[in-house]
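Computed from a prediction, not measured in an experiment: that's the story for all the values here. A, B, ... follow the sequence lines: proteins, then strands. Residue 1 opens every chain.
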Amino acid sequence: MNNINQILFPYVVQAVSQVFSVELTEQSIQFQETRKEFEGDATLVVFPITKFVKQSPEQLGNAIGEYLVQHCPVVQQYNVVKGFLNLVIEDAYWLDAFDTMLKGQEWGWELQNSKPRIMVEYSSPNTNKPLHLGHLRNNFLGYSVAEILKAAGHKVTKVQIINDRGIHICKSMYAWQASGKNDTPESTGLKGDKLVGQYYVAFDQQYKAEIAELIQNGMSKEEAENKAPSMLAAQDMLRKWEDGDEAVTSLWRMMNQWVYAGFEVTYRNMGVDFDKLYFESETYLKGKEEVEKGLSKGVFFKKDDGSTWIDLTNEGLDEKAVLRKDGTAMYITQDIGTAILRFEDFPDTAAQIYTVGNEQEYHFKVLFKILAKLGWNQSDACHHLSYGMVELPEGKMKSREGTVVDADDLMDSMKDESRLMAEEQGKLDGLTTEEKDLTYHKIGMAALKYFLLRVDPKKNMMFNPQESIDFNGNTGPFIQYGYVRTQAILRKANWNTGVDMVLNGEVKMGGEERNLIKLLFAYPQFLSESAKKYDPSIMAAFAYELTKTFNVFYQHCNILREENVDVKTFRLNLTSLTGQCIQSSMSLLGIQMPEKM
RNA sequence: GGCACCGUAGCUCAAUUGGAUAGAGCAUCUGACUACGGAUCAGAAGGUUUGGGGUUCGACUCCCUACGGUGUCACCA
């Protein structure tokens with residue numbers, strides 16, 4: 001991308017070489033954006049250069065500035081403040097930039113599929129309970145990173161691993177069977193994941209009651225936890241499942257189907273999708289095989305009791321078990337299998353990204369070390385996209401204590417809120433019921449997604465239900481509103497993209513227009529940084545900044561009322577491109593734009 | 001206790017990765033052409049960046065230290 005810094009760079013080298021006969025290193029030339037309280041479009045930080053040229057920063061800045069004005073065609077003027085050289089760039093440069101942006105197909109995005117394949121894993125739920133607020137952050141984050149990587153030119157495969165086997169699902173199965181009620185989603189009218197989740201809670205209650213009773217009868221806590229009848233029954237089911245017991249596996253299949261049907265609804269609401277699903281029940285055996293292979297290669301070792309381990313003490317980690325003494329697979333076993341299976345399924349995969357909460361950082365460190373030792377993680381191809389917890393004002397979410405914020409409920413209430421707001425405004429009159437409903441959905445989801453994605457993924461964040469439904473300020477709906485306004489203006493002007501795009505070079509720009517063009521021109525840099533760091537919050541900041549900058553322009557410049565045709569055309573072009581870029585940058589967050597709101 | 005991450009305005013978040021007077025939104029206060037769509041814009045107020053040391057032209061950022069918060073340290077997932 002030929003941004004202004006790259007144009008200036010060689011001239012600065014030349015300036016210092018001509019004036020002072022000193023050759024600069026690349027590192028000593030640092031550009032940054034000019035602060036808005038100073039005049040200029042680009043700023044050279046002079047301090048690093050003083051190491052090579054023995055002059056005061058001010059003198060040096062003036063000398064370089066003088067040279068640039070004379071020799072670099074795009075530099076119009078300069079000023080020096082302390083050790084900072086501010087450069088004013090010619091309007092012609094920005095108009096030229098604007099022209100190339102208008103001519104491009106999808107300004108800001110790279111050529112599709114021009115870069116290596118990256119696999120992005122996200123969601124990866126357990127199948128024993130419904131999705132909650134934490135999953136929303138996970139899904140929005142993973143989906144968004146995938147979209148950003150696509151826009152940055154990568155081939156992308158979105159995957160998830162469904163943890164469909166294990167003691168957790170057996171608990172729900174046992175409780176369902178023990179209740180003897182034969183409830184189904186159809187008979188109860190409940191979503192499948194909600195129904196299964198209820199039985200998971202029921203199991204926990206029964207289990208706790210049994211433990212309390214056993215302790216009362218003189219048993220130790222630990223013993224009671226191990227000997228509670230419900231737990232023994234669930235463990236029995238797990239064994240039978242591993243043995244392929246017909247009754248258990250068909251129950252397992254039925255209840256998992258209920259959950260998938262429920263998840264399907266939730267995912268559709270969230271607006272996320274996947275290219276390929278992996279099921280733990282299908283990969284854990286692969287994991288065991290790979291461990292066996294590794295064992296023969298000496299990567300792993302067996303302890304006397306028959307359990308299999310890896311020694312990572314030389315890597316600053318501990319010893320870690322990879323197979324139980326009875327030979328059964330563990331959590332990490334299936335992760336080994338899944339990772340290798342994915343590399344085999346998609347041999348052109350350059351990187352795998354795991355969107356998983358930061359509480360599993362240690363787990364992934366271990367996993368990636370193991371994969372490296374097995375020869376499957378060359379040049380750190382695996383990356384843990386670790387994100388912080390979502391906290392509530394009253395404390396942490398605990399599923400057993402009923403303090404979880406359910407994903408479906410939350411999405412519904414956001415939509416309700418946007419409906420109330422929109423009805424108050426009354427701007428949707430004339431739309432059909434379906435169109436209105438879709439608009440409420442878009443606005444509610446924008447509020448929610450933007451709220452969760454605008455913060456740095458790695459940080460813990462606070463979710464305050466009251467504040468999250470604010471639609472003013474730095475929010476999704478604020479940005480949508482800005483977009484809707486661009487479209488309203490274009491509609492009123494009977495603007496047809498591609499027909500009216502005649503730019504006249506004579507146009508004189510004001511500061512508001514200039515700022516807008518500069519920001520639009522920086523879109524690709526925001527995108528590539530966002531992709532490089534797997535961080536959607538950078539795109540969120542861009543979309544917000546763009547909307548605010550447009551609002552200032554709109555507030556200070558007439559568009560439709562402008563009488564000079566050239567200026568009006570220029571401003572309509574600017575409005576059109578801004579709308580397009582708001583839409584495309586927000587789409588990278590999974591947020592859709594309504595036409596009216 | 002060991003290790004990892006975090007601590008910025010009353011609240012929720014930023015800060016171009018070591019650069020200028022630490023920026024936005026919410027809440028509070030004051031304004032704006034009889035709205036080109038006011039879910040807007042202009043402005044005020046709000047900070048010893050948890051405390052203490054150090055490194056240097058320059059530190060929210062790097063190093064040391066104390067304090068506070070979170071996570072993790074299973075043959076659970």
Exercise. Which dot-bracket string fits RNA chain B when only Watson-Crick or G-U wobble pairs with both atom distances under 3.5 Å count, crossing pairs get [ ], and | stands for a partner on a different strand?
Worked result: (((((((..((((.....[...)))).(((((.......))))).....(((((..]....))))))))))))....
Problem set entry | Residue pairs involving residues 444-460 of chain A (criterion salt bridge (charged side-chain N to carboxylate O under 4.0 Å, His left out); sequence neighbours excluded) |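 Pairs touching residues 444-460 of chain A that pass the test: Asp456(A)-Lys458(A).
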Exercise. Is there any salt bridge (charged side-chain N to carboxylate O under 4.0 Å, His left out) pair reaching into residues 519-531 of chain A, and which pairs are they, with sequence neighbours excluded?
Worked result: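 Residue pairs with at least one partner in residues 519-531 of chain A: Glu529(A)-Lys533(A).
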For the side chain of [X], starting at C-beta, report the closest nucleotide among [options].
X         : options                : answer
Glu361(A) : A77(B), G19(B), A4(B)  : A4(B)
Met462(A) : C73(B), C13(B), A77(B) : C13(B)
Val455(A) : A14(B), G25(B), G19(B) : A14(B)
Thr34(A)  : A77(B), A20(B), C57(B) : A20(B)
Lys459(A) : G19(B), A20(B), C6(B)  : C6(B)

For this session: Among residues two or more places apart or on two chains, list those pairs meeting side chain to side chain donor-acceptor pair (under 3.5 Å) that have a residue in residues 49-59 of chain A.
Result: Ser56(A)-Gln59(A)
For this session: Rounded off to whole Å, could you give me the CG-to-P distance for the Leu385(A) and C5(B) pair?
Result: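 Spelled out: CG on Leu385(A) to P on C5(B) is 16 Å.
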For [N] versus [M], give the span between their [atom1] atoms, rounded off to a whole number of Å.
N      : M      : atom1 : answer
G69(B) : U16(B) : P     : 29 Å
G25(B) : A14(B) : P     : 16 Å
U21(B) : C62(B) : C1'   : 23 Å

Exercise. Is it true that His383(A) and Tyr354(A) have ring centroids separated by less than 6.0 Å?
Worked result: no
Exercise. Counting heavy atoms not belonging to Lys596(A), are there more than 12 under 6.0 Å from its NZ?
Worked result: no
Exercise. Relative to the ring of Phe550(A), is the ring of Tyr554(A) parallel (under 30°), tilted (30 to 60°) or perpendicular (over 60°)?
Worked result: parallel
For this session: May I ask you to decide if the ring planes of Phe364(A) and His384(A) are parallel, tilted or perpendicular, using 30° and 60° as cut-offs?
Result: tilted
For this session: Please answer whether A24(B) and Tyr544(A) are stacked, defined here as ring centres separated by less than 5.5 Å and planes angled under 30°.
Result: no
Under 4.0 angstrom, heavy atoms only, what part of the nucleic acid is [X] near: base, sugar-phosphate, or nothing?
X         : value
Asn86(A)  : base
Pro48(A)  : base
Thr43(A)  : base
Gln480(A) : nothing

Exercise. At under 4.0 Å, does any side-chain N or O of Arg35(A) touch on OP1 or OP2 of G23(B)?
Worked result: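 Affirmative; the distance criterion is met.
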Problem set entry | Contact under 4.0 Å: Arg454(A) side-chain N or O vs C13(B) OP1/OP2 | no
Exercise. Asn472(A): what forms a side chain to side chain donor-acceptor pair (under 3.5 Å) with it, not counting sequence neighbours?
Worked result: none
Problem set entry | Protein proximity profile, nucleotides 35-42 of chain B - base contact B, sugar-phosphate-only contact S, no contact -, cut-off 4.0 Å on heavy atoms | -BBSBBSS
Problem set entry | Stepwise salt bridge (charged side-chain N to carboxylate O under 4.0 Å, His left out) test for Asp41(A) and Arg514(A) | CA-CA 10 Å; Asp41(A) 301 306; Arg514(A) 200 182 162 91; 2.5 Å; yes
